[in-house]
Amino acid sequence: MNQTDDTNTVKQNFIRLRINEDKATQKYEGRVHTRFPPEPNGYLHLGHAKSICLNFGLAEEYLGKCNLRFDDTNPSKEEQEYVDAIRKDVSWLGFHWHEEHYASDYFEKLYAFAEKLILMGKAYVDDQSAEEIRTTRGTLTSAGSNSPFRERSSAENLDLFRRMKAGEFEDGTRVLRAKIDMSAPNMVMRDPTLYRIKRASHHRTKDTWCIYPMYDFTHCLSDALENITHSICTLEFENNRELYDWVLDTLEDFPQRPYQHEFARLNLTYTILSKRKLIQLVEEKQVCGWDDPRMPTISGIRRRGYPPEAVRDFCERIGVAKANSTVDFALLEHCVREQLNASSPRVMGVLNPLKLIIENYPENQVEEFDMPYHPEDESHGSRIVPFSKELYIEREDFMEEPPKKFFRLAPGREVRLRYAYYVTCTEVIKDSTGKIVEIRCTYDPKTKGGWSEDGRKVKGTLHWVSALHAIQAEVRLYDKLFIEENPSKAEDFTACINPESVKIIKAFLEPALAQAQAGYACQFERLGYFIADAADHTSEKPVFNRTATLRDTWAKINKKQG
RNA sequence: UGGGGUGUAGCCAAGUUGGUAAGGCAGCGGGUUUUGGUCCCGCCAUCCGUGGGUUCAAGUCCUACCACCCCAGCCA
């Protein structure tokens with residue numbers, strides 16, 4: 001009996017199996033305690049989201065706990081800005097951590113453990129240079145050789161280590177190493193470095209320390225000190241597990257110690273999920289910051305308009321396994337659309353306006369139509385939209401010579417102006433260059449509200465905006481933009497929006513407009529779910545915007561016709 | 001040439017002690033529809049990296065091989 005039994009929607013995975021096993025054997029008295037341990041050296045991205053959802057999700061599922069721990073053992077890379085951003089992003093995803101910790105809070109304890117190791121004869125101070133250590137480590141196929149300093153006495157090691165801490169030695173002149181086996185087939189076990197001398201101000205401990213513990217020494221002990229039961233990390237740490245176990249088993253201080261479990265990190269098509277590359281984009285100002293809507297960071301997609309629920313759903317759907325894989329970005333978009341479809345109010349907007357004049361509509365008349373915000377959910381309410389003789393429609397919604405399967409406006413054809421009237425195109429007006437500048441129509445007064453008593457159907461339904469009442473909003477749309485190639489090439493659009501729709505759109509638009517840079521995430525009913533700068537997701541390859549469904553569909557129709 | 005991992009459809013991914021290949025995304029076909037959206041229905045692995053073997057029966061067991069990923073930071 002376990003928590004997964006009550007829902008058949010929970011996908012089984014090897015980590016859940018391990019937890020079930022551990023619960024069955026009462027390994028931790030039934031406890032489940034995980035942790036999400038980022039190094040605060042950058043912003044969180046979708047790859048981290050997978051880990052966050054896994055760790056926090058498992059804790060929720062098994063009524064356990066999950067800590068947020070900052071793995072801040074390398075002061076030269078870490079900053080307070082990053083810890084603030086990380087806390088915000090985890091919260092935004094909707095998770096609450098049981099405790100917040102910092103590896104740096106354990107520096108004293110870790111130091112004591114190191115001295116204990118020295119006393120046990122399991123660690124020694126090595127005076128060799130980094131270069132010497134590297135060359136004597138051997139290669140993948142040949143054993144390394146022992147350091148000439150490997151057999152120092154515990155007393156000498158202790159003295160040297162204390163002097164390292166006291167700051168008596170220059171950076172890089174000495175390290176503390178575990179005494180394990182220089183011929184171990186696992187490279188990680190060839191007397192790994194435990195402490196290095198590094199005079200760098202730490203974002204929290206400032207200049208208190210000049211020696212800092214390495215990941216392999218810190219991580220397992222931090223887990224153990226927090227009574228973590230399941231230490232979940234990515235595949236590249238598989239080789240480190242042996243050392244993780246060695247440290248905890250050698251110290252013998254933790255009867256109920258944690259065990260490490262590795263899973264494959266997330267790869268997404270068209271998307272860069274490498275902190276190294278992302279930080280490069282930011283530093284080279286290829287993007288306007290970590291939260292640029294084009295970035296695959298949590299803060300970037302937040303600005304892009306992705307709901308956190310969608311990200312969590314995505315993380316659940318991709319599963320957890322040990323096989324390296326690349327998830328199709330379309331799955332993420334599907335999750336986003338699914339959320340947005342239910343929650344987004346629908347409004348009308350025109351991005352590329354074409355004037356439409358209703359010849360038989362009274363000159364100064366203005367009608368108001370009550371239009372629902374959501375076609376399937378009345379709880380979204382409705383708003384009043386003004387209608388008049390002169391309107392704007394989307395340029396793409398008219399074709400003078402429509403191909404087959406084009407259902408919208410064309411000469412002589414009748415279509416519906418959404419929630420307003422049926423109109424029939426009577427005339428096309430062009431300028432001297434042949435460009436269509438205006439469409440003339442007649443309307444049928446008996447079709448008020450957008451339906452006909454005689455039951456006649458129209459194939460197309462168009463968005464419209466009253467020219468008299470329209471508000472123009474400057475928006476910036478990133479379209480088919482590839483960061484690597486041309487970061488500044490964004491297209492500016494003037495969108496015409498019904499005044500009543502403005503408040504809806506502004507809610508999405510404002511953060512972006514305020515920064516005068518970002519894309520926007522709003523819901524133009526006609527264009528699909530959100531246009532935002534959804535066209536782009538830090539692409540490595542050209543990508544067609546899958547979320548602007550209208551364009552997509554149209555492209556498909558064109559393709560079919562050859 | 002060492003060690004640690006992984007291989008099920010275009011992409012993810014279930015598959016518990018061997019019993020006759022879930023589900024999702026994408027795609028295709030059809031229906032509903034005041035969004036070319038949503039929703040609904042149908043189709044989409046004679047086969048589980050490959051070759052042998054055990055068995056009445058193998059994705060699941062044995063064996064050999066192949067492919068890909070990770071490891072030689074005083075990064076995490």
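Keep in mind it's a predicted model, so treat the numbers as computed, not measured. Chain A is the first sequence line, chain B the second, and so forth, proteins listed ahead of strands; every chain is numbered from 1.
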Compare side-chain N and O positions of [X] against OP1 and OP2 of [N] and report whether any pair is under 4.0 Å apart.
{"X": "A/K198", "N": "B/C75", "result": "yes"}
{"X": "A/T218", "N": "B/A76", "result": "no"}
{"X": "A/R241", "N": "B/C70", "result": "no"}
{"X": "A/R177", "N": "B/C74", "result": "no"}
{"X": "A/T141", "N": "B/G2", "result": "no"}
{"X": "A/S325", "N": "B/A13", "result": "yes"}
{"X": "A/R196", "N": "B/A76", "result": "yes"}
{"X": "A/R337", "N": "B/A26", "result": "yes"}

Between A/T234 and A/E236, is there a side-chain donor-acceptor contact under 3.5 Å, judged purely by atom types and distance? yes

Is it the case that B/G36 (base atoms only) and A/R408 (side chain only) share a donor and an acceptor within less than 3.5 Å, ignoring hydrogens and angles? yes

Tell me if the side-chain of A/N239 makes a donor-acceptor pair with the base of B/G3, cut-off 3.5 Å, by modelled atom types. yes

When all nucleic acid strands are considered with a 4.0 Å heavy-atom cut-off, which category describes [X]: base, sugar-phosphate, or nothing?
{"X": "A/D216", "result": "nothing"}
{"X": "A/T135", "result": "nothing"}
{"X": "A/I133", "result": "base"}
{"X": "A/A130", "result": "base"}
{"X": "A/I318", "result": "sugar-phosphate"}
{"X": "A/V458", "result": "nothing"}
{"X": "A/Y195", "result": "nothing"}
{"X": "A/V175", "result": "base"}
{"X": "A/E131", "result": "nothing"}

Where the side chain of [X] is concerned, which of [options] is the nearest nucleotide?
{"X": "A/N13", "options": "B/A14, B/A76, B/C25", "answer": "B/A14"}
{"X": "A/E376", "options": "B/G2, B/G36, B/U38", "answer": "B/U38"}
{"X": "A/M214", "options": "B/C69, B/G24, B/G73", "answer": "B/G73"}
{"X": "A/K405", "options": "B/C25, B/A76, B/G36", "answer": "B/G36"}
{"X": "A/R137", "options": "B/G4, B/A14, B/A72", "answer": "B/A72"}
{"X": "A/N74", "options": "B/C75, B/G2, B/C70", "answer": "B/C75"}
{"X": "A/V327", "options": "B/G5, B/C12, B/G2", "answer": "B/C12"}
{"X": "A/R134", "options": "B/A13, B/U6, B/A72", "answer": "B/A72"}
{"X": "A/N341", "options": "B/G2, B/U38, B/A76", "answer": "B/U38"}
{"X": "A/R317", "options": "B/C25, B/C74, B/A13", "answer": "B/C25"}

State the [atom1]-[atom2] distance between [X] and [Y], to the nearest 0.5 angstrom.
{"X": "A/R196", "Y": "A/T73", "atom1": "CZ", "atom2": "OG1", "value": "5.5 Å"}
{"X": "A/H203", "Y": "A/Q80", "atom1": "NE2", "atom2": "CD", "value": "6.5 Å"}
{"X": "A/K198", "Y": "A/S76", "atom1": "NZ", "atom2": "OG", "value": "3.0 Å"}

Considering only NZ, NE, NH1 and NH2 on the basic side and carboxylate oxygens on the acidic side, decide whether [X] and [Y] come within less than 4.0 Å.
{"X": "A/R241", "Y": "A/E262", "answer": "yes"}
{"X": "A/E316", "Y": "A/R16", "answer": "yes"}
{"X": "A/D454", "Y": "A/K446", "answer": "no"}

Contact nearer the 5' end of RNA chain B, comparing A/N324 with A/L17: A/L17

State the syn/anti category of B/G15 according to its glycosidic angle, syn meaning within 90° of 0. anti

Distance between [atom1] atoms of [N] and [M] (Å, rounded):
{"N": "B/C65", "M": "B/A58", "atom1": "P", "result": "24 Å"}
{"N": "B/A57", "M": "B/C43", "atom1": "C1'", "result": "30 Å"}
{"N": "B/U16", "M": "B/A21", "atom1": "P", "result": "14 Å"}
{"N": "B/U50", "M": "B/G10", "atom1": "P", "result": "13 Å"}
{"N": "B/C70", "M": "B/C61", "atom1": "C1'", "result": "29 Å"}
{"N": "B/A76", "M": "B/U46", "atom1": "P", "result": "49 Å"}
{"N": "B/A9", "M": "B/U1", "atom1": "P", "result": "28 Å"}
{"N": "B/C39", "M": "B/U32", "atom1": "C1'", "result": "8 Å"}

Can you tell me how far C1' of B/C74 sits from CD of A/E170, to the nearest Å? 15 Å

Spacing between A/K322 atom NZ and B/U8 atom P, to the nearest angstrom: 16 Å

Answer yes or no: does atom CZ of A/R18 have more than 12 heavy-atom neighbours from other residues, nucleotides or ligands under 6.0 Å? no

For A/R317, is the CZ atom crowded, meaning more than 12 foreign heavy atoms sit under 6.0 Å from it? yes

Base-pairing assignment for B/U50 (Watson-Crick or G-U wobble, both under 3.5 Å): B/A64

